[in-house]
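Before any comments, here is the structure.
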Amino acid sequence: MEHKEIVLKFANKVGNKKNGQKSGMAASYTWEDPEYLILEPVMTDEMATVALGMEFRVRKSAEEIAKATGTDLETAERCLYELADIGVCFVKKEDDGVDRFWYESWIPGIMEMMVNHPTLPYKYPQIAEAFEAYGRIRGPKSAGAFPVGVGLMRVIPVEKAIDGNSRACSYEEISTYLDKATKFSVSNCSCRTSREIMGEGCGHLKEDMCIQLDDAAGYYIRTGRGREITREEAYEIIEKAEENGLVHQIPNTDGSGKTHAICNCCGCGCYALRTSTMFKNTDMSRSNYVARVDKENCVACGQCVENCPTNAIQLGQKLCSSSKIVEDITTTVTPREYKWDEDKWDKDYRINRKNVVDSGTSPCKTACPAHIAVQGYIKLAAQGKYLEALELIKQENPLPAVCGRICPHGCESECTRGDIDQPIAIDEIKKFIADKELYAETRFIPKKRHDYSDKKIAIVGAGPAGLSCAYYLAIDGYSVTVFEKEEKLGGMLTLGIPNFRLEKDVVNAEIDILREMGVEFKTGVEVGKDVSLKELREQGYNAFYLAIGAQGGRKLGLEGEDAQGVMVGVDLLRDVNLGKDTKVNGKVVVIGGGNVAIDVARMAIRQGGEDVGMYCLESAEEMPALPEEIEEAKAEQIAINNGWGPKRIITENGKVTGVEFKKCVSVFENGKFAPKYDENETITVAADYVLLSVGQSIQWGKLLEGSKVQLGRGNTANADDFTYQSDEEDIFVGGDAFTGPKFAIDAIAAGKQGAISIHRFVQPGQTLTFGRDRREYCSLDKSSVIVSGFDNTPRQTAGHNPENERSFKDTRMTFTEEQMKKETERCLGCGAAIVDEYMCVGCGQCTTKCKFDAIHLERVYDGEGVSFEKMKPIVVKTMIKRQGKIAVRKVKDAFAKKA
């Protein structure tokens, strides 16, 4: 790289550095410093010579600058317009018709303007890299040096979060800046542009995010960095930013109540917020407010946690405990009174977000594979806010009506109330809420957040994982097509679960919502046979989500299992659900002890079986089927025979006549499936039909031909267990095809994560991991919980309709509203959010996401911005005071250590 002496000289002028000085605060920049590197690719020595005639915030004409630099006017004008174009200086035509030029500080100022050039940062990535490096290198030097309100950038709270606050000042309100300005433009976010170019994007995209005002707007419009908008459009951008969880910040160097721009930032991409997240120097950009939680109202829904830009909020425990629990997470070691070395930074802030304090939070939210806000929707249902409850559920689960009928409800198994008497009937409450989905006038259809319809996504498989992925991609406005090889949609929800457990109008109602959201479905199309992945790529599909499920059955390799009358259980369920005339009769033996085996046995009764018996390895206590499923089978006179494994199937003339079973003495060893038998204890059971229900298999067909996708244990696809990306970079997998047979809610959770990965993959420069919530939850210690004064109402029980017994209609009824309300009153409200008041920058995003009036902003600081020119003495004074605080803290810590 050729060194440009005059360019370096100009860089030093902007930074108020003395050329050649090698130490101290005024030490000059070197060739390796970001201030030089950002200029080097695009600034010539000729341009730098002219630039040296400009001054910080002093507006000069080309004629004045030419005279100051001894340059002819034509050259000065040409260079000045070039400098304005690349982003080194502002240009504005004044009232006298003369263009005048001046430069700003590095940040906020020159660096953002250079990165906002429509083409140069892409041609010269060094520009984007230097912008990133500036904050990373210079940021630590500002630790503790700026009092609250005086930092280079300032968070402005969501205005409705401080409405009515008697101490609020106009300079803390977005409307002050928008109403005062007369010219507006909008541009891409410079930080996210830089991240994108470097391949470090966090999924928050750059487009139309930052608003410029007055002179800055005129400059951005004139140089093609932004497009002109109206004040009304500016307010719409602000509203959209708030809906998407972004933080308002302003350049804070123009003086109190003044700014030339409003940025809408994310904590995982913004370089200004990095001072708070990585360097924990929150005073550099915070507002005068902090968030505080009203524990009585808080239901640990987690929306504040997920949307906090600085990870200042975590979920904790509301209930009293006999053991020590985390009640305060406020950071106490801060740059205000500690020497701020590298060991105190959080370098991994983009990948280590923490959702829950070490002592845990609500067991229900923790146990749910999708981490649905159970406490939250129960509270909303108790208040009669059913649409809002439905909206909260669908943040994580787009198929709530389906899950209300078939979910294994692990949340109930872990419910704290269950250790007192009986757990909350969570699933029944959810079913009551979700039944609103069945009717067009009461269902919840989410508002689209973006329009990414230029990107086409193909989803293979219309089961729970595929439908979930399609739902969340549709919210972001992607063009989504779901390919399903069967003629009916829903995957195993439709074909593998009997109507008497999940009526198909429920599944169809949920799918209708996806259609309303713009998802396209193509049935009867087997990808790999009717069309290949390669052909779909050629049709313009940008990414694929393979969610084909575990749609096949499994055999055991038994003698006689190919005889007439031996069937795979899931094939029976599929044939009946497809309307095929599949009958059984006489004595039916079902081999298996899971929920699917129960479904198969109950289906056999409806298809003509006269004497149906189930045989499984497990004891009654070990059976994998849910207790309520077992009770329903017994109610239909299905005999359940525990502790028997099939030895052989007995046949005569090619037809089954019975099954010989051997006694199973144990099923598991060290928690692993390792059955042991007493070969000498056997029984023979007569049978006209044998239905095998001992697991499911994944049938890929020709789907993966020509791809790099590798298969692993159980024929599942190999992929990253966090991002779901396979060995073929544009192919993502999820649901049973990745995990093996699990529950619908597991597939639904995977579908959402697949959608997040696909969004990041198809957008340029985004990573699959940075800034992403790993959704790691841990439960509170129920054994130490102290509960008193709770409602002792007994658990409500949903009714059964006897008219539907042994029919294809669901016998289970939905709670009445009165039952639902009584059941919600039983919730103990285990969890609540906790705020780190130091790490909170007072943006107010948490308040916009809370549906329970449980978190508010309180004004605790009085910091007010100053102009750049007046900043130095304030910073110097703060630094001197800080040195005293560091000395005092050192002494205190030494005494504490001795004690």
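No hydrogens, no waters, no symmetry mates; every other heavy atom, side chains included, goes into these values.
In this structure, Arg602 and Arg606 have side chains that are in contact, with non-hydrogen atoms separated by less than 4.5 Å. Put simply, the side chain of Cys189 does not reach to within 4.5 Å of the side chain of Asn264, judged on heavy atoms.
Salt bridge present: Glu538 and Lys534 bring a charged side-chain N and a carboxylate O closer than 4.0 Å. Ion pairing of Glu629 with Arg501 is present here, as a side-chain N (NZ or NE/NH1/NH2) and a carboxylate O approach within less than 4.0 Å. Of the charged side-chain nitrogens involved, at least one lies within less than 4.0 Å of a carboxylate oxygen, so that Lys447 and Glu243 count as a salt-bridged pair. Using a 4.0 Å cut-off between a side-chain N of Lys or Arg and a carboxylate O of Asp or Glu, Asp730 and Arg537 qualify as a salt bridge.
In plain terms, the two heavy atoms of Ala440 and Arg443 that are nearest each other are O-CG, 3.6 Å. Between Leu514 and Leu467, the shortest heavy-atom distance links the atoms CD2-O, 3.4 Å.
In this structure, Lys485 has no salt bridge (Lys or Arg N to Asp or Glu O under 4.0 Å) partners at least two apart in sequence or on a different chain. Judged as a salt bridge (Lys or Arg N to Asp or Glu O under 4.0 Å), and not counting sequence neighbours, the contacts of Glu437 are Lys394. Annotation: side-chain hydrogen bond (donor to acceptor under 3.5 Å, both in side chains) contacts of Asp476 (sequence neighbours excluded): Arg449.
Under the salt bridge (Lys or Arg N to Asp or Glu O under 4.0 Å) test applied with Glu396, the options Lys430, Arg775, Lys365 reduce to a single match, Arg775.
Pairs of residues two or more places apart, or lying in two chains, that qualify as side-chain hydrogen bond (donor to acceptor under 3.5 Å, both in side chains) and include a residue from residues 453-464 are Asp451-Ser453.
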Please tabulate, for side-chain N and O atoms in residues 709-718, each donor-acceptor pair with protein atoms closer than 3.5 Å (sequence neighbours left out).
residue : atom : partner : partner atom : Å
Gln710  : NE2  : Lys708  : O            : 3.3
Asn715  : ND2  : Ile698  : O            : 3.0
Thr716  : OG1  : Arg713  : O            : 2.8

Show me the donor-acceptor pairs, under 3.5 Å and distance only, between side chains in residues 732-743 and residues at least two apart or in other chains.
residue : atom : partner : partner atom : Å
Asp736  : OD1  : Lys742  : N            : 3.0
Thr739  : OG1  : Gly735  : O            : 3.2

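Cation-pi geometry between Arg772 and Phe722 is met: the NZ or CZ atom falls under 6.0 Å from the ring centre, inside 45° of the normal.
Around atom NZ of Lys555, more than 12 heavy atoms belonging to other residues, nucleotides or ligands sit under 6.0 Å away. Annotation for Lys379: atom NZ does not count as buried by contact number, only 12 or fewer foreign heavy atoms lying within 6.0 Å.
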